[in-house]
Structure formats: C-alpha cells, structure tokens
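Down below is the structure, laid out as structure tokens.
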Amino acid sequence: MTVEVTTVTVFRDVRPFGGAARDLIAVNGVLAQSIPDGAAVDYVDGLGKAAAPTLVDAHIHPDKTAWGEPWYSRRTAHAIEELVAGDVELHRAQPPVADRALRLMSHAVTLGTRAMRAHVDVAPAYGLAGVEAVATARDTLSHAMDVQIVAFPQHGVDRTPGTAGLLEVAADSGLIDVIGGIDPAGFDHTPGGTGRDPRQLDIVFGIAERHGLPIDIHLHDTGGTGAATLTDIAQRTRAAGLQGRVTVSHAFAVAELSCHALDSTAELLAEADIALTTAALSATTVLPFRHLSQRGVRVGLGSDGVRDSWSPFGNADMLHRAWLLGWALDARLDADLEACYTLAADGGAAVMGLPRADLQPGSPADFMLLDGECVPQIVVDVPRRDTVVRAGRVVARDGLLL
Ligand SMILES: [Zn+2]
C-alpha cells in the first residue's frame with residue numbers, strides 16, 4: 001500500500017503582484033487556500049518581497065547560443081542562407097550544444113522562466129545532435145522548467161535534401177513535442193523555383209498528422225507572400241482538424257497590417273485557432289497582441305535567438321523581454337505595462353497548452369519574489385529575481401540554480 005505524502009510549503013510575508021502582505025500556501029505544487037489538517041509544513045520567509053508569476057518563453061533557440069562563451073564576432077549577413085551558414089560556423093567553433101544549451105536554460109530558470117518552447121535545428125549538418133542535447137538539458141532541469149522541443153528545419157526542407165527524413169526520425173524518436181517549419185514559400189523552395197507550390201507544408205502537416213504532433217512554423221515573409229502562406233496554413237489546419245495545435249512564429253506579415261486587413265486576418269487565425277508568437281524585435285515587427293487576443297487569437301512572447309550567430313543581443317530573461325515589448329510599443333500607462341507582463345506570463349502558457357500561473361488558489365505554485373511596488377514598476381525596473389519557486393519548491397536564489 002502506498003502512502004500519499006502531502007508536501008506543504010508556506011511562503012510567509014509576500015506581496016502578490018505588489019499588494020498587501022500575506023502568505024502563499026503551496027500544497028503538492030499547487031496554491032491552496034489553507035493548510036491541510038495534520039500536514040507537516042515547511043516555511044520560507046518572503047521578507048515582504050513582491051510575488052509575481054514566473055514567465056513562459058514561447059520561442060527560443062538554445063542550441064544556437066554562445067551564451068557564457070568567449071565573445072563571438074559576427075560578420076555581415078542578410079539573407080537567411082547567409083545567416084544559416086553563420087549558424088554552422090558557430091556550431092563548429094563552439095563547445096558541444098549540450099553544454100551551451102544547459103547553461104542558457106539554467107540561466108533562464110534563475111531569471112524566472114517556468115516553461116520554454118525550444119526550436120532546435122534539424123538539418124543534415126547536425127543530424128539530431130541538437131535535439132538530443134536539448135532533450136538531455138530538459139531532463140536535467142525537469143524539476144524547474146517545462147520544455148517543449150520543436151524539430152526546426154532551419155535549412156529548409158525542400159531546399160536541403162535529407163531534412164524531411166530527419167524530421168520523420170525526430171518525430172519517431174519521442175524526443176520532440178512539436179514539428180517546425182520555416183517560410184515555406186519565400187525561403188524553402190528548390191533553388192531556382194518559385195515557391196508557389198510549398199512542398200514543405202505537405203511534409204510538415206503530413207508528419208504532424210501521422211505522429212499526432214502540433215506544428216510551429218517560422219514565418220518571416222511579409223506582404224503578399226506572407227499573407228498567402230498564412231491563408232494556406234489556415235486552410236491546411238482546418239482540413240487536417242488541427243485547430244488549436246498550430247502556431248506561426250514571428251508572423252511579420254500580421255505585424256504590418258492595420259484596420260480592416262488586421263481584423264480579417266485575426267478572424268482567419270481565430271477560426272483555425274492558430275496561435276502566434278512574437279519576440280518584440282522592433283516597433284515595426286512586434287505583433288499587435290492586445291488587438292489579436294481581443295479577437296480570439298492566442299499570442300505568446302519569446303526570446304528568439306540569444307547571443308547566437310544572427311545577433312549579439314538576447315539574454316533569455318523574459319522580464320527583460322516584457323520591458324523590450326513595452327519599449328517597442330511605447331507603453332506608458334499602467335494597463336499597457338501590465339499587458340506586457342501578462343503576455344510574458346500567460347501568453348506563452350496558452351500557446352504551449354499549460355495552466356495559467358496567476359497566484360490564485362488552484363493555479364501552479366510558480367512564482368518569483370523580487371523588489372517592486374506593483375507590476376508596472378517591475379516591468380520597468382527589471383529587478384533581480386531573489387527567489388524563484390516552481391511547483392512550491394525554491395529552485396533558484398539570487399541568480400543561482402538550486
Ligand atoms: Zn526563431
């Protein structure tokens with residue numbers, strides 16, 4: 001006979017969202033109204049710090065990072081082909097992916113990331129080495145963070161022979177959670193081809209259907225090419241019955257829309273229940289997430305690349321990403337800054353199919369303790385994360401993973 005052990009931790013003297021001080025009670029990883037009768041209790045002194053939900057990085061590339069390595073000087077690159085060649089160069093020049101990915105993912109935990117969707121390159125240049133390395137890091141951090149791995153055909157499926165087979169093997173391996181894609185029309189066509197018949201989508205949707213996997217497609221294409229691809233993806237999503245299981249990342253073609261065109265695209269996405277992710281890369285490419293969510297489109301926020309061959313920027317800090325989002329949107333009102341925090345906390349949870357962490361009884365006991373009077377100030381100040389709590393357990397303190 002097994003005996004159920006009830007684990008109770010009470011975080012004393014904390015201020016949820018910067019409000020009045022009280023206790024947060026975690027019972028078996030979930031917040032509760034009260035301490036169960038007879039349960040043994042551990043106590044953590046919150047020292048009057050603000051408590052805020054930990055965050056979800058809906059789009060990051062931990063396999064590409066040079067985080068923590070000696071400075072890497074980049075060369076000029078414009079087209080995706082040139083950037084991809086830079087990825088391979090960095091990969092060959094740096095220590096193994098397993099070391100770099102674990103370091104970056106651990107760093108993210110200490111900054112209060114409770115979950116991430118990791119896009120990991122799958123290409124003949126690497127085989128499945130990146131997927132295997134990130135999966136190992138995921139196992140190491142399983143007590144602290146949920147990780148979904150996307151098999152990401154960064155080099156293209158149609159233009160890089162051998163990739164389709166590798167995606168199939170990745171799906172068979174059981175290591176991945178999501179099948180990826182990239183610009184099926186604008187980038188991924190046979191050299192010299194037109195991209196009008198995006199074979200990549202046939203392959204990606206085929207694997208998704210055969211293996212029961214969700215899909216997450218990078219779409220940088222703008223204008224007519226981007227819009228036509230979105231329509232194509234929406235039609236395929238409905239035809240395959242994959243509503244609620246398809247994400248389009250970046251979606252710069254949506255960011256450039258306004259008024260009627262934005263409303264009709266939001267309707268197209270909402271009907272197919274296609275989610276979007278944005279990385280707040282600039283004022284012109286950030287998605288109008290409040291407008292979209294009011295129309296039923298789930299939107300998540302992500303880091304994208306972190307100090308990789310594409311860019312020296314990025315730090316896997318989702319609170320800093322919320323700051324960047326507010327900066328890109330010229331947020332000034334408290335409601336606007338709170339919306340940035342909510343996107344970083346809840347947006348990615350909705351994209352990844354995770355329960356919302358909102359400090360209410362019944363929600364995951366996932367939160368961080370930090371200095372701040374209120375959420376708007378926390379977004380602007382980006383204070384140090386003193387304590388990070390995952391499922392009622394302290395997993396990081398003062399920047400150190402426990
Ligand atoms: Zn990306």
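All ligand and atom numbering here is 1-based and tracks the order in the structure. Heavy atoms only: backbone and side chains are in, while hydrogens, waters and symmetry mates are out. Owing to the predicted nature of the structure, the values given are computational and were not obtained by experimental measurement.
- Aromatic ring orientation, F252 versus H220: tilted (interplanar angle from 30° to 60°).
- Within a 6.0 Å radius of CD in E373, no more than 12 heavy atoms belonging to other residues, nucleotides or ligands are found.
- Residue H59 counts as close to the Zn ion (ligand 1), with an N, O or S atom under 2.8 Å.
- The Zn ion (ligand 1) sits nearest to atom NE2 when only the N, O or S atoms of H61 are considered.
- Per residue D304, closest N, O or S atom to the Zn ion (ligand 1): atom name OD1.
- Ring geometry for H218 against H61 counts as tilted: the plane angle lies between 30° and 60°, on a 0 to 90° scale.
- Under 2.8 Å from the Zn ion (ligand 1) lies an N/O/S atom of H218, whether from backbone or side chain.
- Sorted by first and then second residue, the salt bridge (charged side-chain N to carboxylate O under 4.0 Å, His left out) pairs involving residues 8-18 (not counting sequence neighbours) form an empty list.
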